[in-house]
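This report concerns only the one structure given below.
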Amino acid sequence: MTRRTEWPGSEDDTRSAAGDTEPRQGRRGRHGRENSGGPDSSRAESGPPRTPEEQARAICLRLLTGNPRTRKQLGDALRQRGIPEEAAEEVLSRFEEVGLIDDAAFADAWVESRHHGRGLTRRALARELRTKGVDSALIDVAVGRLDSEQEESTARELVDRKLRSTRGLDREKRLRRLAGMLARKGYTEGLALRVVKQALEEEGEDPDLLEEHYLPDA
């Protein structure tokens, strides 16, 4: 979620930011006198330049406001914005110390959300976490919270939700569409076909005819 930031400043500052380039000394006040534009009539428009560490902290806090991020994701963002490596490492390490970066918690939450929300398998979840830079040991722990029974149960729930939309199609198309849906979420061909066949048999399809179309892998 993008959060709007209100920057402090005078009305003149706001107009200047919007593109009003009229010189201050050419404007008149309420009583017709010209504003001299001297130091008593305006604020400093900006403070001293921020250090790389301050810039890095600001970037990380802004990115963490919307969603949790892994250390690698934040490090990549700092690198893209030209933050020196030494400053970036100092800030990222500090954020880890205080718990603002926690790759283990990120991995656990990712598995919980993506499995129950999208039905992804352990294999698919591990692949996603690797792309986000999570350490392999942390990935193993996170995906290890799921087991084969949970995956099969989730696969059946996915098929049950999709089953109605395939009614009216011929047997082969239904098999292919439902099994393909599971395959895209990381389920093996054998598990996908077994779950789909069970669901179709319960709807009254002939199991022998289903076997003619596809045989699960070993």
Within 6.0 angstrom of E85 CD, more than 12 heavy atoms from elsewhere: no
Over 12 foreign heavy atoms within 6.0 Å of CZ, R81: yes
Going from [atom1] on [X] to [atom2] on [Y], what distance comes out if it is rounded to the nearest 0.5 angstrom?
X: S153; Y: D147; atom1: OG; atom2: CG; result: 10.0 Å
X: R118; Y: L158; atom1: CZ; atom2: CG; result: 10.0 Å
X: R94; Y: C60; atom1: CZ; atom2: SG; result: 13.5 Å
X: R164; Y: T166; atom1: CZ; atom2: OG1; result: 11.0 Å

Residues E152 and R194 bridged, charged N to O under 4.0 Å: yes
Lys/Arg N to Asp/Glu carboxylate O, E203 vs R174, below 4.0 Å: yes
Do you know the tightest heavy-atom contact between [X] and [Y]?
X: A124; Y: G186; result: CB-CA, 4.3 Å
X: A179; Y: A192; result: O-CB, 4.1 Å
X: G119; Y: Y187; result: O-OH, 2.8 Å
X: A58; Y: R50; result: CB-NH1, 3.4 Å

Candidate list R122, K185, R156, test side chain to side chain donor-acceptor pair (under 3.5 Å), partner E151, passing option: R122
Joint cluster assignment, L163 & L182, ILVMFWY side-chain distance < 4.5 Å: yes
Verdict with reasoning, S93 to E97, per side chain to side chain donor-acceptor pair (under 3.5 Å): CA-CA 6 Å; S93 295; E97 289 175 9; over 6 Å; no
Flag, side chain of D103 to backbone of D135, donor-acceptor distance under 3.5 Å: no
Given T70, V111, D140, the one that forms side-chain contact (heavy atoms from CB on, under 4.5 Å) with L129: V111
Flag side-chain contact, heavy atom, 4.5 Å: T154 against L120: no
Sub-4.5 Å side-chain heavy-atom contact between E53 and E86: no
Any pair counted as ring pair (Phe, Tyr, Trp, His ring centres under 6.0 Å), so long as it reaches residues 109-128, sequence neighbours left out: F106-W110
Hydrophobic cluster partners of L64 (side-chain heavy atoms under 4.5 Å): I59, L61, L63, L74, L78, I83, V91, L92, F95, V98, L100, I101
Pairing residues for R57 by the side-chain hydrogen bond (donor to acceptor under 3.5 Å, both in side chains) criterion, not counting sequence neighbours: none
